[in-house]
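Below is one structure, written out as structure tokens; the observations come after it.
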Protein chains: 2
Amino acid sequence: MEPRPTVVPPPIQLRIADDIRMQIERGELKPGASLPTLAEMADRWSCSVGSARAAVALLKAQGLISSGRGRAPVVRVPPRKVIRSSERHQVEKDLAARPQAERATVGEAETNHNMQISEQKFRSRYDQIEAGPNLAALFRIEPTDPVLRRRYDSTDSADLLLSSSVSYMPIALISSNPALLDEANEPWPGGTQHQLSTVGVEIMTMIDEVTARMPTTVEAQLWGLPDGVPLILCRRISLDANERVVEVSDAEYPADRTELRFVTPLKPWPKRGKPSGRQGGRS
Amino acid sequence: MEPRPTVVPPPIQLRIADDIRMQIERGELKPGASLPTLAEMADRWSCSVGSARAAVALLKAQGLISSGRGRAPVVRVPPRKVIRSSERHQVEKDLAARPQAERATVGEAETNHNMQISEQKFRSRYDQIEAGPNLAALFRIEPTDPVLRRRYDSTDSADLLLSSSVSYMPIALISSNPALLDEANEPWPGGTQHQLSTVGVEIMTMIDEVTARMPTTVEAQLWGLPDGVPLILCRRISLDANERVVEVSDAEYPADRTELRFVTPLKPWPKRGKPSGRQGGRS
DNA sequence: GAGTGGTCTAGACCACTGT
DNA sequence: CAGTGGTCTAGACCACTCC
């Protein structure tokens, strides 16, 4: 006979955490407000301080509260989100076709995404590595073929990451213009799309693949991420007119400060083929 | 004078968790492999069992391992990701213009996203609510104006969520076809785009806004999510030819099983305006 | 049944925050 | 300096897995 699973009351930490979460959702605890102290919680739910602490840890892992030594835990106030729109793809492409003077001025603004120029430090590092099985499959080259890896990151005054990305291009594709292999030429006026144009490549399609995961301890430290905040991962694949993959770029964004926006234009319905019938449903 | 922060050795739990994480990244611990028992860890790092347990909890919160009563913690094996592509937007629009017979057959397949029809249960609930400030601003209507809310979710045989979404449309936009207000007409052959076509609306642009956050305890339970797996949030806004917002839909996806794909076609460069200059860099 | 991890407790020590 | 939360320990009890 199947052993019916023992009905077990939910752990105290869960009860506490859920009670507090509901208080937050109902607005009884507003963003910025302080939670009860551990001792008060232990008293209110008649449990040990350790269990109360476990409940606080749970809420932290869900990104709902912040806490630190000597400070009562606080309901986290959601930071304003920076919007990164796919319309930038077209803007950058248009820019790449403009004369050098114009590229230079706008090119600089591109790197400062919605932010004061203030105290940012940029870094770009180029090197050449073997494609490896993963990239080789995308580029349709041999795993031992060389690719140019370009790593970009910008940090603020406290050395916390503001943005970080890696880009890959097959060496065979770009070697006809040696300037593309030298990181001393960064920042390149007009960006990657203009770089590729110098070797006769025009990007016709961009594919963005988006997912998310929790950061490791070191990643959380580099980004200055509070507990319970995921990283958004975005791989951007650039195709030319022949559907050939010409660039792959991986970027990471802190989920609490980032919203990715993708705009998809749809083709109009044919003039005569307009949908008909006002009644739908089961027929 | 600024009090230089005391240099404090990193907590034992962090050292343990980081050591194990690096073993996983180096491949010394492969997906599916068992971690040492808590007692062994306590011995190896000469700490208490409690600290070893804290390290395991950290790795769980990062989504790297799974653990349960009586079982040694195990390196998590990443599940295959279901790809949800924005190209579906165009496919559904094309479908909406097809004759009823065709819509009916394909409409069913649409709901089964890449999965056997097997044991899924679908549910759709319609109701009418006040727009509220948030939706009112999007639709450019009054906060007290009514909107149709449609909630869809599908669950597997164990009642775990497979997909979940909510959609909003202003009542004023669709009330000329009462069939649209009745959930008994679900599933509607041809989907939302055909529904809107019956009231003279053609969607010309879709905007997807993507971010991520950690699930609450109850959400993790509903989805059957392991610890340390974020939820991907996607708000889809549909515009007609006049840039009027006609539908808003919010969907959630488990990040470990989901990859969102967005395809952006770029307009070709003008024939004569091709970018020039083989040399870039600082000018 | 032996061994495992999950929950919970109690208490010590330390780093940090406020006043 | 009093009070707070963060770290760490030791030990009890329970539910579960595996042999």
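Sequence lines set the chain letters: A, B, ... in the order given, protein chains first and strands last, and positions in each chain run from 1.
- Rounded to whole Å, the distance from CD1 on B:Ile65 to C1' on C:dG5 is 11 Å.
- The listed nucleotides are D:dC8, C:dT9, C:dT17; the one nearest the side chain of B:Pro11 is D:dC8.
- For A:Ser67, counting side-chain heavy atoms from C-beta on, the closest listed nucleotide (C:dC8, D:dC8, D:dG6) is D:dG6.
- Note on B:Lys60: every side-chain N or O is 4.0 Å or more away from OP1 and OP2 of C:dG5.
- B:Ile16 has its CD1 atom 12 Å from the C1' atom of D:dT7, to the nearest Å.
- Spacing between atom CZ of A:Arg69 and atom C1' of C:dA15 amounts to 5 Å, rounded to whole angstrom units.
- Computed from coordinates, the B:Glu40 CD to C:dG3 P distance equals 13 Å when rounded to whole Å.
- The side chain of B:Ile12 approaches D:dC8 more closely than any other nucleotide in the set C:dC8, D:dC14, D:dC8.
- Listed nucleotides C:dT9, D:dA10, D:dT17 differ in distance to B:Ser48; the shortest reach to its side chain belongs to D:dA10.
- Residue whose closest nucleotide on DNA chain C sits further toward the 5' end, between B:Leu35 and A:Pro10: B:Leu35.
- Ring pair B:Tyr126/B:Tyr152 is perpendicular by interplanar angle, where above 60° counts as perpendicular and below 30° as parallel.
- Comparing A:Arg71 and A:Leu14 by the nucleotide of DNA chain C that holds the closest heavy atom to each, the one mapping nearer the 5' end is A:Leu14.
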Tell me, with the steps shown, if B:Arg213 and B:Glu219 meet salt bridge (charged side-chain N to carboxylate O under 4.0 Å, His left out). CA-CA 11 Å; B:Arg213 64 165 169 78; B:Glu219 286 172 330; 3.0 Å; yes

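- An OP1 or OP2 oxygen of C:dT7 is reached within less than 4.0 angstrom by no side-chain nitrogen or oxygen of A:Ser51.
- Between the C1' atom of C:dG6 and the CG atom of A:Leu58 lies a distance of 13 Å, rounded to the nearest Å.
- The pair A:Arg236-A:Asp208 fails the salt-bridge criterion, with no side-chain N (NZ, NE, NH1 or NH2) lying under 4.0 Å from an Asp/Glu carboxylate O.
- Picking from C:dG5, C:dC8, D:dG5 the nucleotide with the shortest atom distance to the side chain of A:Pro73 gives D:dG5.
- Taking 3.5 Å as the limit, the base of C:dG5 and the side chain of B:Arg53 contain no donor-acceptor pair of atoms between them.
- Closest to the side chain of B:Gln13, from the set C:dT17, D:dT7, C:dG6, is D:dT7.
- One finds no salt bridge joining B:Glu40 and B:Arg44 here, because no Lys/Arg side-chain nitrogen approaches an Asp/Glu carboxylate oxygen to under 4.0 Å.
- Spacing between atom CG of A:Leu38 and atom C1' of D:dT7 amounts to 13 Å, rounded to whole angstrom units.
- Taking the side chain as every heavy atom from C-beta outward, B:Phe262 and A:Leu260 never approach each other to under 4.5 Å.
- As a whole-Å value, the separation of A:Asp43 CG from D:dT4 P is 12 Å.
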